[in-house]
2 protein chains.
Amino acid sequence: MAEADEGVAGHAEAARGRPASTSRQDVARVALDLFARLGYDDTTVDDIAAAVGISRRTFFRYFESKPDVVWGEFDAELGRLRDRLAEAPVSEPMMDVLRRSVIATNRFGAGELDELRIRMVLISSVPTLVAHSAVRYEEWCEVVAGFAAVRLGGRPEDLGPQTLARAALGAAMAAFGCWAADEGVDLEDEVDQAFRLLATGFADPSGAI
Amino acid sequence: MAEADEGVAGHAEAARGRPASTSRQDVARVALDLFARLGYDDTTVDDIAAAVGISRRTFFRYFESKPDVVWGEFDAELGRLRDRLAEAPVSEPMMDVLRRSVIATNRFGAGELDELRIRMVLISSVPTLVAHSAVRYEEWCEVVAGFAAVRLGGRPEDLGPQTLARAALGAAMAAFGCWAADEGVDLEDEVDQAFRLLATGFADPSGAI
DNA sequence: CACTAAATTGCAGCGACTGCAGGAAATCCG
DNA sequence: CGGATTTCCTGCAGTCGCTGCAATTTAGTG
């Protein structure tokens, strides 16, 4: 998690060797456009490479895999979430920190929201991407479990932190899914609601439900 | 979800045509053994087919994909969970029904537990399987969301049912993961604990955590 | 101009998966 | 008995994602 995405498009100061012919962002933009128009499965890596003007081999130097394109700068976001959780005052209740941090990490400008919606619709509807997402979510869970272990006591692998982390992931996925499916909904509100549900618990105190 | 696994190894009464040379279970047993010994990624479909004594092409008539082998009769279990949830008396609180049903669906005999542990360790540690699992878990969530929609009101796609379903999935995954990682733990206890956590919620009433 | 560093590329190859068309083994019926 | 039918098995050709390797291009540097 240190020197994240160096090697390709690393914004080094001294441009010594042959300059990169394109950038991660450019490839992602072109690819997402193709995905939206042709469908994810019907867009081959060859198609993307051809559209960008690079070889297939080079595509795999910009992205580890085809599904990775849809995830964009997930690693960076994950790092920011980790930082927010770590920097929160210990006096603030755990679930408040979590809710606030997740919301803050996913606050996007109006210009980015359209692209984000495309990404989320793809991630939650294309089986190949649903599958790949699990690997990414695993990293997300590790971050949250680490935080939960500090607050609850015990190790991140213990049942408490694990349950919280994976349940929190579920809440986030539900919020993003509902937002992606319905144009007239605010992302922040959805996340807020989902995490409040999680904090309160699903048992009806009266036992009536 | 009707005629589930007919076509291959369908236990028909009148054995009319050419008899099947093996069965889904046999293939799964052999494959799991290879996975445990060689590792999942280092076992090719050719290896499995050769070990069973069928052709690679035939393997794909028994299982849709290589990762599907690890999941065994997941479809059947899912059906049983759906039935349990549907048959529960409306007077019983939602979270109690859910916890009880998940536990009941995952009650295995001592003989099956070893194989289950192998399956769960694979599913939660091999990236390819982690990825594939997401697709299966999606079906699980649909079942739980359907149940939650009935209890909470609204549609299964709404935020409430979705949050509960995905959070419940998280609790189940945490419980299974902890059980698979630690030999000295009872599966039922773990699931019970995780779902009680979920019902209660993670917020400390005093706000001290 | 030679040297070095970095990016790109083609190629050969693996492994999962699919559609198709044909072959093999069993039963049914005339 | 023998053909028709049914069901299953198989090989082949091909697509697609992905990887390692070795060569090539394109820049800056001494």
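Worth saying up front: this structure is predicted, and the values here are computed from it rather than measured. Letters A, B, ... are given to chains in the order of the sequence lines, protein chains preceding strands, and every chain is numbered from 1.
- In the helix from C:dC1-D:dG30 to C:dG30-D:dC1, the terminal helix axes, each the rotation mapping four pairs' C1' atoms onto the next four within five end pairs, subtend 20°, rounded to 10°.
- Remark: A:Gln25 CD is loosely packed, at most 12 non-hydrogen atoms of other residues, nucleotides or ligands lying under 6.0 Å away.
- Rounded to whole Å, atom P of C:dT8 lies 12 Å from atom CG of A:Asp26.
- Scanning residues 38-59 of chain A for heavy-atom distances under 4.0 Å to DNA chain D yields A:Thr43, A:Thr44, A:Val45, A:Arg56, A:Arg57.
- Identified under the salt bridge (Lys or Arg N to Asp or Glu O under 4.0 Å) test for residues 153-170 of chain B, with sequence neighbours left out: B:Glu138-B:Arg166, B:Arg155-B:Glu157, B:Arg155-B:Asp158.
- Comparing B:Pro19 and B:Glu64, the nucleotide of DNA chain C nearest to each residue sits closer to the 5' end for B:Glu64.
- The side chain to side chain donor-acceptor pair (under 3.5 Å) test applied to A:Asp83 returns no partner, not counting sequence neighbours.
- Interatomic distance, CG of A:Asp75 versus CD of A:Glu139, reported as 6.0 Å (0.5 Å rounding).
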Would you be so kind as to tabulate the donor-acceptor pairs closer than 3.5 Å made by side chains of residues 30-39 of chain B, with sequence neighbours excluded?
unit_1, atom_1, unit_2, atom_2, d
B:Asp33, OD2, B:Arg37, NE, 3.2
B:Asp33, OD2, B:Arg37, NH2, 3.3

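- Shown here are the side chain to side chain contact (heavy atoms under 4.5 Å, CB included) partners of A:Ala134, two or more places apart in sequence or in another chain: B:Val130, B:Ala134.
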Exercise answer: donor-acceptor pairs, residues 169-187 of chain B side-chain atoms, under 3.5 Å, sequence neighbours excluded:
unit_1, atom_1, unit_2, atom_2, d
B:Trp179, NE1, B:Val185, O, 3.4
B:Asp182, OD1, B:Gly184, N, 3.0
B:Asp186, OD2, B:Asp189, N, 3.3

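- Not a single side chain to side chain donor-acceptor pair (under 3.5 Å) links B:Ser133 to another residue, sequence neighbours left out.
- The side chain to side chain donor-acceptor pair (under 3.5 Å) test applied to B:Arg196 returns B:Asp192, not counting sequence neighbours.
- In this structure, the CZ atom of A:Phe60 is 17 Å from the P atom of D:dC21, given to the nearest Å.
- In this structure, B:Phe63 atom CZ and C:dG15 atom P are separated by 21 Å, rounded to whole Å.
- In this structure B:Arg56 satisfies the salt bridge (Lys or Arg N to Asp or Glu O under 4.0 Å) test together with B:Asp46, sequence neighbours excluded.
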What nitrogen or oxygen pairs link the protein and nucleotides 1-4 of chain D at under 3.5 Å?
none

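- Of the side-chain N and O atoms in A:Tyr62, one or more sit less than 4.0 angstrom from OP1 or OP2 of C:dT8.
- For A:Arg61 and D:dT25, the CZ to C1' distance is 13 Å, given to the nearest whole Å.
- Applying the 3.5 Å distance criterion, the base of D:dT7 shares no donor-acceptor pair with the side chain of B:Arg16.
- Evaluation of the ring pair (Phe, Tyr, Trp, His ring centres under 6.0 Å) test over residues 135-158 of chain B, restricted to residues two or more places apart or in two chains, returns B:Trp71-B:Tyr137.
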